[in-house]
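Inspection log for the structure reproduced underneath, given as structure tokens.
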Amino acid sequence: MAVEQLPDGVREFASCLDALLARLDRDRGWSGVFWRRDPDGMRACRQGREVPPWDVVEALLEDLAEVYGSAVAAAERERAHVLYRAALVAYDARPGARDALADRLDAMLREQRWAAERHAELTRLLSSPACAEDADSLRLDLAWAQDDHARATARCAELRDRLAQSDISSAIAPQGAAPLSSGMVAEASSPSSSATVPQVAPSSSPAPAGPRRRRRGSARFAGMAEDAGGAVVPQASSPAAGEVTPRGARFAGGGQAVEPAAAPVEAVDVEAGAAVAGVVERLARLRGEGRGGEAHVLLAEVAQWPPGRLPPLADALRRAGLGADWATLLWEAASLPAERLVAVARALAAAGRDADGRQLLRQGVSRPPEQIGAAVLRLAEAGHRQEAEALADACVRVRTAAEAARSVVPDPRLLVPLLLRAARAVSDERHWDLVHALRVAGHAT
């Protein structure tokens with residue numbers, strides 16, 4: 001697409017970015033890193049075919065400050081940020097943009113997981129005796145892992161915010177307030193970027209080294225593919241010793257099928273109080289020590305707790321000033337198998353946390369439509385009709401009609417009428433959109 005054919009917001013930011021890059025040496029600093037690693041991506045951004053993550057723009061502004069001074073960079077940052085937000089609004093309004101954002105978020109979550117695993121591995125290796133040369137190499141790699149995790153987490157937060165804004169723009173007003181049905185998923189939630197970005201205190205940068213191969217490079221502007229970039233000088237905080245084995249909903253591949261029955265909530269969980277207090281204490285300590293990667297791994301593990309423990313944990317986290325960790329935990333829980341996802345949403349609703357339940361279901365149905373349909377089918381066949389209807393309702397509210405039509409593939413005979421009932425409960429317009437999408441896909445209605 002030619003520059004003159006772009007939406008105004010995208011075109012204006014692309015011109016701003018192009019002018020910024022023209023003032024920088026493309027062989028030095030972060031600009032040099034991005035051009036070496038992803039020249040096609042950089043050209044796409046300059047031409048307005050892509051909008052880079054904001055951390056990339058910030059890095060380029062750091063280059064500008066090095067050459068022209070902090071005052072010039074600060075003025076340019078203010079202008080760039082205004083144009084950047086306008087560009088995102090225009091870019092995300094394109095047909096198919098939401099699917100592209102969801103795919104990119106999946107990739108960035110994998111990047112984030114890998115960085116956490118790598119950080120834990122390198123921390124363990126550094127705790128063992130090693131020669132000076134090996135220790136220096138490990139410290140450099142550890143700084144890379146820290147930078148990778150910080151960038152990936154920031155990009156996940158930005159993508160989540162863009163997805164939430166996209167949902168808000170297309171959401172239909174709720175048709176009721178019944179938990180886990182029309183009222184449960186009608187509200188769009190916009191998670192704060194600051195809620196999920198770990199606090200990584202900058203310190204002295206590791207010394208530049210010769211070209212090194214890395215499995216994945218967060219410095220790549222899009223963070224979507226393997227690369228073999230050269231060395232960068234990331235800013236990182238000092239590592240904390242200790243081994244962590246990443247586990248949890250996302251580390252375990254939460255999209256896999258499980259037994260149909262939703263996990264029961266015990267009437268009395270005598271260990272819940274101690275477990276909640278222990279997690280809050282550990283999280284507070286990890287955050288205080290700047291060990292954000294380990295804190296995230298802990299939250300991923302906690303996402304697999306019995307559903308009844310999560311509402312009191314939410315209260316305890318907020319009392320301890322760790323509300324941002326609750327937002328991260330909800331996002332981790334959204335990757336649980338659909339049956340458990342619904343069980344958690346039910347527990348939250350029963351505890352008066354309807355908004356959290358709505359957010360959880362909205363985030364949970366971002367998985368491939370075929371997986372949603374398979375989960376609805378398992379719930380329905382197991383006799384969990386209310387849960388099946390809740391998931392179907394979330395699907396027809398959050399996904400496009402074409403995406404919802406894809407969810408019936410596992411068993412059109414059962415799923416088509418179930419989804420049509422859910423769509424009719426939303427609105428006549430949504431019902432007819434789904435009818436049309438199903439007919440286009442070859443399903444009888």
Side-chain angles (χ1 to χ4, degrees), residues 102 105-106 109 113 156 160 163-164 167 178-189 191 196 247-266 299-311 313-314 326-351 353-399 403-404 407 410 415 418-419 422:
L105 178 59
D106 285 342
L109 287 167
R113 289 197 299 272
C156 286
R160 290 171 188 160
L163 280 166
D167 289 341
L180 285 177
S181 59
S182 60
M184 179 57 78
V185 294
E187 291 183 8
S189 174
T196 50
R247 296 186 295 276
R250 295 189 178 277
F251 292 94
Q256 298 174 357
V258 296
E259 293 299 318
V265 180
E266 298 179 6
L299 291 168
E301 294 175 348
V302 171
Q304 297 189 95
W305 271 10
R309 289 188 179 184
L310 296 184
L313 176 60
W326 173 245
T328 301
L329 178 56
L330 272 183
W331 185 258
E332 287 293 332
S335 284
L336 289 167
E339 294 85 350
R340 285 184 55 80
L341 174 81
V342 175
V344 173
R346 285 176 60 85
L348 291 169
R353 290 187 160 273
D354 292 348
D356 286 340
R358 287 190 288 269
Q359 178 178 338
L360 182 62
L361 279 181
R362 183 173 292 280
Q363 293 173 166
V365 294
S366 65
R367 66 193 71 197
E370 294 81 2
Q371 289 185 16
I372 301 171
V376 171
L377 184 63
R378 290 194 299 270
L379 287 166
E381 290 178 339
H384 301 291
R385 187 169 187 81
Q386 183 181 5
E387 289 84 350
E389 291 175 349
L391 206 55
D393 183 85
C395 179
V396 298
R397 287 181 181 274
V398 175
R399 307 306 294 265
E403 292 166 344
S407 71
L415 292 173
L418 198 157
L419 260 71

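Note that the numbering runs from 1 along the sequence shown for the chain. Worth saying up front: this structure is predicted, and the values here are computed from it rather than measured.
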Nearest heavy-atom contact between Ala347 and Pro307 is CB-O, 3.6 Å
Correct closest heavy-atom pair for Pro410 and Leu415 would be CD-CD1, 4.1 Å
Exercise. Given side chains that start at C-beta, do those of Arg353 and Leu360 come closer than 4.5 Å, heavy atoms only?
Worked result: no
Give a yes or no answer on whether the side chain of Arg340 reaches the backbone of Gln304 with a donor-acceptor pair at less than 3.5 Å.
yes
When every non-hydrogen atom of Leu391 is compared with those of Ala375, the smallest separation belongs to CD2-CB, 3.8 Å
Closest heavy-atom pair, Val365 versus Arg399, reported as atoms and distance to 0.1 Å, is O-NH1, 2.7 Å
Shortest non-hydrogen pair, Leu419 vs Ser407, comes out as CD2-OG, 3.1 Å
One should read off an interatomic distance between Leu330 CG and Asp356 CG, to the nearest 0.5 angstrom, of 5.0 Å
Closest non-hydrogen contact found for Leu341 with Ala333 is CD1-O, 3.6 Å
Applying salt bridge (charged side-chain N to carboxylate O under 4.0 Å, His left out) to Glu381 and not counting sequence neighbours gives none
Separation between CD (Glu403) and CD (Glu370), nearest 0.5 Å, reads 10.0 Å
So do the side chains of Trp305 and Val344 get within less than 4.5 Å of each other, counting heavy atoms only? no
